[in-house]
Amino acid sequence: MNIDILLGLQWGDEGKGKIVDAISPDYDIIARFQGGPNAGHSLEFNNVKHVLHLIPSGIFHPEKINIIGNGVVIDPAVFKKETESLGLSADELIRRLIISARANLILPGHRILDAAYEHSKGQTKIGSTLKGIGPAYTDKVARNGLRAGEILRKDFRDLYDQHMKLHLAILKGYDFSFDLKEYEAGWFEGIELMKKFRIINTEYLINDLISKGKKLLAEGAQGTMLDVDFGSYPFVTSSNTISAGACTGLGISPKKIGEVLGIFKAYCTRVGSGPFPTELNDHTGNILREKGHEFGSTTGRPRRCGWLDLPALKYAIMIDGVTRLFITKSDVMSGFDTIKVCVSYKSGGKECHEIPFDNSPVEPVFMEMDGWKENISGIREYKDLPENLKKYIGFVEKETGLPITMVSVGPDREETIFRK
Ligand code: GDP
Ligand code: IMO
Ligand code: MG
């Protein structure tokens, strides 16, 4: 099996970017399969931090092919800004990165609609990143989308104008002011830049390379608990963030999937609205936020923090068919006398084993464990980790029935412990 999928098992920001960068040497191709610039994937090496939104996290490895797959929605303006922030020449990027002709575009109207929809929701806002994700996927499914391959058409400007008219007509129904020109200038500059890249039917390239023995890592965005079907709808994103999304978002058969690598934080975070049973609205939550620098990579918003939620983790593992677990940010948990982990839920006084489809409130049932105090960021061998952290890891392995084969102890590429 030459295709592995790496994805987040919580509400996003599990550390996917860091891990994809760290394991990229094991693969030939790194491909994003869903989401868009709502993602913010951070990675660090040589004391420099990079944040990627659309570009796969294998981009800093010169010999790897990076693909933006058909399931991704691309905002050309964000794409341009991002390419300029990487410290790589345009020629080098063009060599390393390929875009699917079938990937839908986020139009300026989508961003405005995203803001107008959120504005109209009053108290029930989703907490969207306002990058135009929902409206772009809406147009895709409604068969009104514009796709990357179309930017090369002579009549592209006419096509754009037709779409914009449609968006303006919808916006008439909303009491929302906006400045279209402000968005359009950067967007068309981005279109010109995109024209220099290879925009092809990437599904042929991927399947051809796989048949020749090349290895592909599919990089998930967001997290399983933000999936449009299985997350806490409507407080979700607009794509399938689960492992099945890799098949539709790249054009690969499920028969070709090997490992499903599930990433989770040692605790939980969530940005935006929606249920979060283990949330800590107290001093402990503040400690996790400050120590873990839990502020959004895309929007800078403070992330809500809480203890690890095992029922949610097990749900994600079930939906994704995870084969191996990776744990991140255990270094942030250093310093507590005791830590908690949610082992089940209660609803109406009764034990509850399922995640409710309608977001009805559940009460977490916690188990308390001894914490660890050591600074672990310099540790590179599993055996040297504090005993209480190893007990925590062992407990999660027992509960989930899966091995935790990687422990991340800091944001840098090097701060990673692989277990044989
Ligand atoms: P992603 O969206 O899943 O790629 O995650 P983000 O990049 O949005 O958020 C994860 C944050 O934690 C980033 O600032 C990373 O640099 C940082 N990070 C990743 N792994 C670790 C870790 O093991 N320890 C610490 N302290 N920080 C980490
Ligand atoms: P990465 O890939 C964390 C959240 C938003 C909001 C909801 C819908 O970095 O893990 P959207 O912009 O998709 O309409 O927002 O989903 N969200 C994320 N939260 N990490 C992300 O991506 C996210 N992408 C979207 O905060 O609650
Ligand atoms: Mg992120």
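Each ligand, and each atom within it, is numbered from 1 in the order the structure gives. The figures here come from the full heavy-atom set of this structure, side chains too, leaving out hydrogens, waters and symmetry mates.
Scanning the protein heavy atoms around atom 23 (C) of ligand 2, the nearest turns out to be Gln222 CG, 3.6 Å. Scanning the protein heavy atoms around atom 23 (O) of ligand 1, the nearest turns out to be Ser408 OG, 2.5 Å. Looking at atom 26 (N) of ligand 1, its nearest protein heavy atom turns out to be Asp331 OD2, 2.7 Å. Among protein heavy atoms, the minimum distance from atom 12 (O) of ligand 2 is reached at Thr129 OG1, 2.5 Å. With respect to atom 17 (C) of ligand 1, the closest heavy atom belonging to the protein is Lys329 NZ, 3.9 Å. Distance from atom 16 (O) of ligand 1 to its nearest protein heavy atom, with residue and atom name: Pro411 CB, 3.4 Å. Of the protein's heavy atoms, Asp13 OD1, 3.1 Å lies nearest to atom 20 (N) of ligand 2. From the protein, the heavy atom lying nearest to atom 10 (C) of ligand 1 is Asp13 O, 3.7 Å. Nearest to atom 27 (O) of ligand 2 among the protein's heavy atoms is Val271 O, 3.0 Å. In terms of protein heavy-atom proximity, atom 13 (O) of ligand 2 is nearest to Thr237 OG1, 2.6 Å.
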Next item on the list: Determine, step by step, whether Asp75 and Arg111 satisfy the salt bridge (Lys or Arg N to Asp or Glu O under 4.0 Å) criterion, reporting the C-alpha distance in whole Å, the side-chain angles of both residues, the deciding distance to 0.1 Å, and the verdict.
Entry: CA-CA 9 Å; Asp75 182 333; Arg111 286 187 63 137; 3.5 Å; yes
Notebook entry, point to check: Step by step, would you call Thr416 with Lys18 a side-chain hydrogen bond (donor to acceptor under 3.5 Å, both in side chains)?
Noted result: CA-CA 9 Å; Thr416 314; Lys18 180 219 147 143; 3.0 Å; yes
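Close approach to Gly12 involves these atoms of ligand 2, each under 4.0 Å from a residue heavy atom: 3 (C), 10 (O), 20 (N). Per-residue contacts place His41 under 4.0 angstrom from the following atoms of ligand 2 (heavy atoms of the residue considered): 1 (P), 2 (O), 9 (O). Heavy-atom proximity to Trp11, at under 4.0 Å, picks out these atoms of ligand 2: 3 (C), 19 (N). Residue-ligand proximity, Val332 to ligand 1, at heavy-atom distances under 4.0 Å covers atoms 26 (N). Within ligand 1, the atoms closer than 4.0 Å to a non-hydrogen atom of Gly17 are 4 (O), numbered from 1 in the order shown. Set against the non-hydrogen atoms of Gly272, the atoms of ligand 2 under 4.0 Å away are 27 (O). Near Gly127, the atoms of ligand 2 lying under 4.0 angstrom from a non-hydrogen atom of the residue are 5 (C), 6 (C), 26 (O), 27 (O). Atoms of ligand 2 lying under 4.0 Å from any heavy atom of Ala221, numbered from 1 in the order shown and given with element: 2 (O).
In terms of polar-atom proximity, defined here as any N/O pair under 3.5 Å, Ser330 makes no such contact with ligand 1. At least one N or O atom of Ser42 sits closer than 3.5 Å to an N or O atom of ligand 1. In terms of polar-atom proximity, defined here as any N/O pair under 3.5 Å, Gly40 does make such a contact with ligand 1. On a distance-only criterion, Glu14 and ligand 2 share no N/O pair closer than 3.5 Å. The N/O atoms of Gly15, backbone and side chain alike, include one that comes under 3.5 Å of an N/O atom in ligand 1. For Gly40, a nitrogen or oxygen atom sits less than 3.5 Å from a nitrogen or oxygen atom of ligand 2, counting backbone and side chain alike.
At a cut-off of 3.5 Å, with distance as the only test, no side-chain donor of Lys131 or Thr298 sits close to an acceptor on the other residue. Under the 3.5 Å distance criterion, with hydrogens and angles disregarded, no donor-acceptor pair is assigned to the side chains of Asn240 and Gln34.
Residues Phe188 and Tyr160 bring their aromatic ring centres within 6.0 Å. Taking the six-membered ring for Trp, Phe336 and Tyr267 have ring centres at least 6.0 Å apart. Taking the six-membered ring for Trp, Tyr117 and Tyr174 have ring centres closer than 6.0 Å.
For Leu226, every heavy-atom contact with ligand 2 shorter than 4.0 Å involves the side chain, none the backbone. The proximity of Lys16 to ligand 2, defined as any non-hydrogen pair under 4.0 Å, is limited to the side chain. Only the backbone of Val236 comes within 4.0 Å of ligand 2, judged by heavy-atom distances. Of all the heavy atoms of Phe235, none lies under 4.0 Å from any atom of ligand 2, so neither backbone nor side chain is involved.
Side-chain atoms of Arg270 and Pro275, non-hydrogen and from C-beta on, do get closer than 4.5 Å to each other. Contact of the Leu216 side chain with the Leu209 side chain is not registered, since no non-hydrogen atoms from C-beta on lie closer than 4.5 Å.
Atom 9 (O) of ligand 1 has its nearest heavy-atom neighbour, among Arg303, His53, Met406, Glu219, in Arg303. Here the shortest heavy-atom distance to atom 15 (O) of ligand 2, taken over Ser128, Gly15, Ala39, belongs to Ser128. Residue Arg301 holds the heavy atom nearest to atom 26 (O) of ligand 2 of all those in Arg301, Lys125, Gln10. The heavy atom nearest to atom 1 (P) of ligand 1, considering only Lys16, Gln222, Glu415, is found in Lys16. The residue among Glu44, Lys265, Lys49 with a heavy atom at the shortest distance from atom 14 (O) of ligand 1 is Lys49.
Residue contacts with ligand 1 leave out Gly8, since none of its heavy atoms falls under 4.0 Å from the ligand. Under a 4.0 angstrom heavy-atom cut-off, His293 registers as lying outside contact with ligand 1. Every heavy atom of Gly12 sits 4.0 Å or more from the atoms of ligand 1. Within the structure, the closest approach of His50 to ligand 1 does not fall below 4.0 Å when heavy atoms are considered.
Counting backbone and side-chain atoms alike, Gly40 contributes an N/O/S atom closer than 2.8 Å to the Mg ion (ligand 3).
Counting only distance, with no hydrogens or angles, the side chain of Asp331 and the backbone of Ile376 share no donor-acceptor pair below 3.5 Å. Remark: side-chain polar atoms of Asp320 are paired, donor with acceptor, to backbone N or O of Ser243 under 3.5 angstrom. Although no hydrogens or angles enter the test, the distance criterion places a donor-acceptor pair under 3.5 Å between the side chain of Asn375 and the main chain of Ser377. In terms of modelled atom types and a separation under 3.5 Å, the side chain of Asn359 and the main chain of Tyr233 share a donor-acceptor contact. Without hydrogens or angle criteria, Lys291 side chain to Ser334 main chain gives a donor-acceptor distance under 3.5 Å. Judged by distance alone, the side chain of Lys329 and the main-chain N or O of Gly292 form a donor-acceptor pair under 3.5 Å.
Within Asp13, OD1 is the N, O or S atom that lies nearest to the Mg ion (ligand 3).
In this structure, CG in Leu88 is found 6.5 Å from CD in Glu92, a value given to the nearest 0.5 Å. Put simply, CG on Leu180 and CD1 on Ile112 are 4.5 Å apart, with the number rounded to the nearest 0.5 Å. Distance check: Phe79 CZ to Ile55 CD1 gives 5.0 Å after rounding to the nearest 0.5 Å.
By the neighbour-count criterion of 12 heavy atoms within 6.0 Å, atom NZ of Lys214 is sparsely surrounded, having that number or fewer from other residues, nucleotides or ligands.
At least one test fails for Arg304 against the ring of Phe276: distance under 6.0 Å to the centre or angle within 45° of the axis.
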